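Source: prediction; values computed, not measured. Indexing begins at 1, ligand by ligand and atom by atom, following the structure's order.
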Amino acid sequence: MTETRPRCFLLARQGRDDKEETVEDHLQELVELARAGGLEPIGQARLKRATPEARSFYGKGQLEASSSEGKSLGATLLICDDELSGSQVRNIEKATGMSCMDRTGLILSIFEQRAQTREARAQVELARFEYELPRLKGAWTHLERQAGGVGTRGGAGETQIEVDRRMTRLRISQLKKELQHLERVRETQRQGRVPGLPRVALVGYTNAGKTSILKCLTGEGEPKDMLFATLDTTTRKAWLGADDETGAPKQALVSDTVGFIRKLPHQLVAAFRSTLGEVRTADALVVVADAAHPDLEEHLKIVGATLHDIGCGEHPRLLVLNQVDRLTRPRRLDMKKKHPGAVFSCALTKDGIADLRDWLCELIPGPPRARELEDWERPELLEQPS
Ligand SMILES: Nc1nc2c(ncn2[C@@H]2O[C@H](COP(=O)(O)OP(=O)(O)OP(=O)(O)O)[C@@H](O)[C@H]2O)c(=O)[nH]1
Ligand SMILES: [Mg+2]
């Protein structure tokens, strides 16, 4: 039996200063996000509009044209690349007779489908409630009425919308408490790790090859051609070589992490505080990027800005330009000029992984260097008490 996925039609606004190809690239990314969310994108439209329209964001005429094209192709859902308010979503649904979801809603639903561990589920649930809280208004306006002070409702005069907001806030504070507890557990685990091993986090745009690099370094990890395949942080020991003099193993703890994306919903960044704690507390970051992606430079900027937002702007880092097997030779040379400090890798053939190992080795502290003792440390110089 073949699985039928709900069909969707994608929309993105092109503002006065937006280039056509940029909006097309963003729509292409939305296609991949929709697929990752279990939907079947069947068409898309770039809607020119200098400024968003307050009621329906894209304007009635353009919406009518797009929705009838979508419906004729069997779509029941509109996915919008732009962030919409709750009332704009409802106005679009009313005007088109189709369901509507914005980019943040779609990313949240991918995370909801993928979250497996208790921590990831709690983080995603928290992000969902934070997203829904300001959108509750209106969803219940038809029910909004004064309610007397008995039962689950609060004091006299609390309206349905107030009850909903109160319940949502209550759940948000429960989830935050649960996450604080899980964060403490994580911190204890972190402290229990082998001391002295450098800790390195693999970070980068989603689908760049972080898990593939983890696999090259540690033999573990399941790469997938899919946005947000990894949600949970996995930490594994990587063997980097043996010390030339002592023969002792050189090792590092490498963490795979959730990918970043353009307009990563701020609710998710906040909710993934604890998971991203692995990045914050790492000794160094390995930024993995898909060198063959047409939007590489934009991806790098987004990764840089996201790292800055989560407080890792100053961490020592190495850029790994991965997937170089998909680059033509001239593009490769071009890129070497542009990013002279980067390691060029192919996770499929393990090309460049030795260079990455070398860099990681430099993070390993050598044996403590002999230093001259200061006077106060030399008992023979201390005056004997008389
Ligand atoms: N051709 C080629 N494909 C690669 C390379 N590295 C990874 N891939 C493929 O790219 C896809 C994504 O790889 P992942 O390692 O899962 O990427 P990720 O960064 O962990 O992605 P998320 O966890 O979804 O954010 C997979 O299909 C990999 O097989 C490479 O060097 N060359
Ligand atoms: Mg991954």
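Remark: among candidates Leu348, Leu321, Thr230, the nearest residue to atom 2 (C) of ligand 1 is Leu348, based on non-hydrogen atoms. Among Asn207, Ile261, Thr349, Val288, the residue whose heavy atom sits closest to atom 22 (P) of ligand 1 is Asn207. Ranked by closest heavy atom to atom 25 (O) of ligand 1, the top entry among Thr206, Asp325, Ile110, Val258 is Thr206. For atom 17 (O) of ligand 1, the choice among Gly209, Gly221, Ala36 with the nearest heavy atom turns out to be Gly209.
The two residues His26 and Asp81 have their closest heavy-atom pair at CB-OD2, 3.7 Å. Between Ala122 and Leu179, the closest heavy-atom pair is CB-CD2, 3.8 Å. Taking all atoms of both residues into account, the shortest heavy-atom contact from Leu356 to Val320 is CD1-CG2, 4.1 Å. When all heavy atoms are compared, the tightest approach of Thr211 to Glu222 is CG2-N, 3.4 Å.
Numbered from 1 in the order shown, with element, the atoms of ligand 1 that lie under 4.0 Å from a heavy atom of Ser212 read 6 (N), 7 (C), 13 (O), 14 (P), 15 (O), 28 (C). Heavy-atom contacts of Asp225 reach the following atoms of ligand 1: 11 (C), 26 (C), 27 (O) (cutoff under 4.0 Å). Set against the non-hydrogen atoms of Phe228, the atoms of ligand 1 under 4.0 Å away are 24 (O). The Leu227 neighbourhood of ligand 1 comprises atoms 24 (O), with distances under 4.0 Å to a heavy atom of that residue. Within ligand 1, counting atoms from 1 as listed, the ones closer than 4.0 Å to a heavy atom of Arg326 are 1 (N).
Cation-pi check for Arg55 over Phe57 is not met; the charged atom does not lie both under 6.0 angstrom from the ring centroid and within 45 degrees of its normal.
With hydrogens and angles disregarded, no donor-acceptor distance shorter than 3.5 Å links the side chain of Ser345 to the backbone of Ala347.
A donor-acceptor contact closer than 3.5 angstrom links the side chains of Ser56 and Glu53. A side-chain N or O of Asn207 and one of Asp225 form a donor-acceptor pair less than 3.5 Å apart.
Looking at atom 19 (O) of ligand 1, its nearest protein heavy atom turns out to be Lys210 NZ, 2.7 Å. Shortest contact from atom 24 (O) of ligand 1 to any protein heavy atom: Ala229 N, 2.7 Å. In terms of protein heavy-atom proximity, atom 10 (O) of ligand 1 is nearest to Gln323 NE2, 3.4 Å. Protein heavy atom nearest atom 6 (N) of ligand 1, with residue, atom name and distance: Asn322 ND2, 3.0 Å.
Coordination check, Thr230 versus the Mg ion (ligand 2): passed, since an N/O/S atom of the residue sits under 2.8 Å. Here Thr211 reaches the Mg ion (ligand 2): one of its N/O/S atoms is less than 2.8 Å from the metal.
Ligand 1 has no nitrogen or oxygen under 3.5 angstrom from a nitrogen or oxygen of Cys346. For a threshold of 3.5 Å applied to N or O pairs, the pair formed by Ala347 and ligand 1 contains at least one separation below that value. At under 3.5 Å, not a single nitrogen or oxygen of Val324, backbone or side chain, sits near a nitrogen or oxygen of ligand 1. Residue Thr211 has at least one N or O atom closer than 3.5 Å to an N or O atom of ligand 1.
Under the 4.0 Å criterion applied to side-chain N and carboxylate O atoms, Glu112 and Arg121 are not assigned as salt-bridge partners. With respect to the salt-bridge test (charged N to carboxylate O, under 4.0 angstrom), the residues Glu132 and Arg128 qualify.
In Lys224, the part holding a heavy atom less than 4.0 Å from any atom of ligand 1 is the backbone.
Counting heavy atoms from C-beta outward, Phe129 and Leu175 have side chains that approach closer than 4.5 Å.
Between His299 and Tyr205, the angle of the ring planes stays under 30°, which puts this pair in the parallel group of the 30/60° scheme.
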